[in-house]
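Atom set for the values below is all heavy atoms of this structure, side chains included, hydrogens, waters and symmetry mates excluded. Numbering of ligands and ligand atoms starts at 1, following listing order.
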Amino acid sequence: MHEIVLATGNAGKLREFRAALTEVELEIRPQSEWQAPEAEETGLTFVENALIKARNATQHTGLPALADDSGLVVDALGGAPGVYSARYAGAGASDRANIEKLLTDLGDTPAEQRGAYFQCVLVLLRHAADPTPLICQARWEGFITFEPYGADGFGYDPVFLVPSEGQTAAELDLAVKNRLSHRGQALAQLIEMLKRRHEFWRLATAAAAQSTA
Ligand code: ITT
């Protein structure tokens, strides 16, 4: 069983990771178990921010770290909120405030022009100087509704219409969301990579032994 730290302070992500990672031999520990400071997300891309968060977590815990950087990309808003999704309505904004700003910014943009997708980039770093992290990414296409529906999930789920289901992401069971979503798809890729690359953990163990020697 390999121990990894999840480099996220987002409880919604943590719930989805835990549900999706049951089939792999990983003991997942949230970074809240350590008093690690939050990393500053200064990247302009999801992949840069995921690397920053994973490196910060592995530096503070000495464990391999898995980070998720994700967000909503809305066609009619030129790709906003993108990497700024968590702070769209300002630093520390609530999900509700972000959704309100999104609906206000879209105004009465007609339904067929409200296309959007969620993007998720996952980075698994074995140690802070790991030159070959595992990187997976996936997107989930949908439309932004005119008002929120559903109470499950987190973030923009209540306004993200999933065309194949005719429901918003906040109306889906967790298992269904994890099968379809950007995060679920990226995690499925990561699980496949880990199954194929047995040497990945051997190198992690060697690095850990070196850093404690
Ligand atoms: P960590 O950095 O601590 O992981 P965060 O919430 O700040 O948490 P991000 O910087 O990756 O994470 O921002 C992602 C934001 O994108 C998140 O706060 C939501 O607003 C939105 N988002 C990402 N995945 C989502 C999902 O599955 N459903 C709804 N909204 C999502």
- Query: Can you pull the residues with any heavy atom under 4.0 Å from ligand 1?
  - Reply: T8, G9, N10, K13, E41, K53, D68, D69, S70, G71, S85, A86, F118, F154, G155, Y156, D157, K177, H182, R183
- Task: May I ask you to check whether T8 and N10 show a side-chain donor-acceptor distance below 3.5 Å?
- Result: no
- Have R114 and T145 got a donor and an acceptor in their side chains that come within less than 3.5 Å? no
Using a 3.5 Å cut-off and no angle test, enumerate the donor-acceptor pairs between side-chain atoms of residues 171-180 and protein atoms at least two apart in sequence or in another chain.
unit_1, atom_1, unit_2, atom_2, d
E171, OE1, T168, N, 2.8
E171, OE1, T168, OG1, 3.4
K177, NZ, E16, OE2, 2.6
K177, NZ, D157, OD1, 3.4
K177, NZ, D157, OD2, 2.8
N178, ND2, E16, O, 3.2

- Note on the structure: Across all chains, not counting sequence neighbours, the side chain to side chain donor-acceptor pair (under 3.5 Å) partners of D152 are none
- Message: Show every side chain to side chain donor-acceptor pair (under 3.5 Å) that has at least one partner inside residues 96-106, sequence neighbours left out.
- Response: Y88-D105, K101-D105
- Item | Within 6.0 angstrom of E33 CD, more than 12 heavy atoms from elsewhere |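 Counting other residues, nucleotides and ligands, CD of E33 exceeds 12 neighbours.
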